[in-house]
There are 2 protein chains.
Amino acid sequence: MTKEDWKKYSDVDGECAVRNVLDRLGDKWSMLVIIVLGVEGTLRFNKLHQVIGDISQKMLTVTLKSLEADGLVSRTVYPEIPPRVEYALTERGASLLPHMEGLAEWAATHMEGIYASREKYIGS
Amino acid sequence: MTKEDWKKYSDVDGECAVRNVLDRLGDKWSMLVIIVLGVEGTLRFNKLHQVIGDISQKMLTVTLKSLEADGLVSRTVYPEIPPRVEYALTERGASLLPHMEGLAEWAATHMEGIYASREKYIGS
DNA sequence: CAGAATCCTCCGTGATACTG
DNA sequence: CAGTATCACGGAGGATTCTG
């Protein structure tokens with residue numbers, strides 16, 4: 001990342017790629033949903049809900065919709081009764097996985113140190 | 001990332017490394033501050049404020065404090081008048097940079113497609 | 001089963017003013 | 001210069017109920 005690329009990160013007018021994408025991914029559930037779909041593969045709505053555990057039905061719906069809108073997740077409806085809807089990563093969504101993995105590994109590696117720092121820290 | 005590592009990502013009891021770290025990094029400014037310090041190097045408070053441009057003084061203070069508490073950013077006070085305070089990435093903070101870079105490049109690469117998808121998407 | 005529709009509650013964030 | 005101290009708000013997120 002050179003200074004020449006800098007404008008990509010400092011734009012204030014809402015056209016900064018990093019900020020836009022991280023804003024979207026930075027919500028409470030998007031990254032986790034992507035990771036789950038990446039690890040588990042295609043999942044139905046309720047299965048996804050159950051695997052994540054502590055997400056509300058509403059937020060799962062909202063999160064999936066925004067991921068679908070961005071073309072990161074595909075939604076397949078099977079016209080049966082009872083209804084069946086399957087979610088999976090698109091190619092674009094899957095291309096994010098390596099980066100999530102990288103972050104996950106970084107997190108796992110540095111967790112302990114971070115917690116230790118937090119405890120020692122004397123905030124105001 | 002195998003299924004064996006899965007528990008690291010699905011823990012609900014607040015001990016999930018990924019969730020903890022991403023929660024912290026997922027706020028509005030942390031990642032940007034890290035990127036800026038990574039690209040620009042050591043910076044004083046006001047310079048940081050000016051370079052980012054659209055962050056409030058309060059949020060810059062808050063963000064820097066939490067990054068310092070986590071040991072990602074160092075804060076050096078020079079006992080002069082007027083005061084001078086310099087911020088820089090710690091080694092731990094710098095170790096995050098490659099991952100930020102990866103995300104940034106992913107974002108830059110897929111931005112256009114994501115925007116195109118958003119426009120075509122017919123949400124409810 | 002897979003959601004849609006409401007209502008409601010924090011709290012992250014910003015604006016403003018003040019200080020050592 | 002580098003912050004603190006307050007006040008105020010908007011919207012992300014949760015709980016609950018309803019539906020095709």
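Labels below follow one simple rule: chain letters A, B, ... track the order of the sequence lines, proteins then strands, and each chain is numbered from 1.
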Val77(B) with Leu60(B), same ILVMFWY side-chain cluster at under 4.5 Å | yes

Atom-to-atom span, CD of Glu80(A) to C1' of dA2(C) - whole angstrom = 13 Å

Given atom CD of Gln57(B) and atom P of dC18(C), what is their separation to the nearest angstrom?
-> 14 Å

Considering non-hydrogen atoms only, spot the tightest contact between Ser95(A) and His110(B) and give its length.
-> OG-NE2, 3.4 Å

How sharply is the helix from dC1(C)-dG20(D) to dG20(C)-dC1(D) bent, taking the axes over five pairs at either end and rounding to 10 degrees?
-> 50°

What's the shortest heavy-atom distance between Lys65(B) and Tyr121(A), and which atoms?
-> CG-OH, 3.5 Å

So with a 6.0 Å cut-off around CD of Glu91(A), is the heavy-atom count from everything else above 12?
-> no

Between His49(A) and Phe45(A), what is the ring plane arrangement, given parallel below 30°, perpendicular above 60°, and tilted in between?
-> tilted

Is a side-chain donor or acceptor of Thr90(A) paired with a backbone partner of Leu72(A) at a separation under 3.5 angstrom?
-> yes

Minimum heavy-atom distance Arg24(A)-Asp70(A), with the two atoms named | NH1-OD2, 3.0 Å

Above 12 or not: heavy atoms from other molecules or residues under 6.0 Å from CD of Glu112(A)?
-> no

Side chain of Arg75(A), backbone of Leu64(A): donor and acceptor closer than 3.5 Å?
-> no

Does a nitrogen or oxygen in the side chain of Lys65(A) sit under 4.0 Å from OP1 or OP2 of dA4(C)?
-> yes

Take the protein atom CZ of Phe45(B) and the nucleotide atom C1' of dT4(D), then report the distance between them rounded to whole Å.
-> 11 Å

Rounded to whole Å, the CG-C1' distance (Leu43(B) to dA2(D)) equals 14 Å

Should Arg44(B) be listed as having a side-chain N or O under 4.0 Å from OP1 or OP2 of dG3(D)?
-> no

Starting at NE2 of His49(A) and ending at P of dG13(D), how long is that distance when rounded to a whole Å?
-> 15 Å

Take atom CG of Leu60(B) and atom P of dC1(D), then tell me their distance rounded to the nearest Å.
-> 14 Å

Pairs under 3.5 Å (N/O, protein and nucleotides 11-14 of chain C):
from, atom 1, to, atom 2, distance (Å)
dT13(C), OP1, Lys28(B), N, 3.1
dT13(C), O4, Lys58(B), NZ, 3.4
dG14(C), OP1, Lys28(B), NZ, 3.2
dG14(C), OP2, Trp29(B), NE1, 3.4
dG14(C), O6, Lys58(B), NZ, 2.3

Provide, to the nearest angstrom, the distance between the CD atom belonging to Glu86(B) and the C1' atom belonging to dC1(D).
-> 13 Å

Ignoring backbone atoms, test whether Tyr87(B) places a side-chain nitrogen or oxygen under 4.0 Å from the OP1 or OP2 oxygen of dG3(D).
-> yes

Figure out the CD/C1' separation between Gln50(B) and dC1(D), and round it to whole Å.
-> 13 Å

Counting side-chain heavy atoms from C-beta on, which of dA4(C), dG20(C), dC1(C) comes nearest to Asn46(A)?
-> dC1(C)

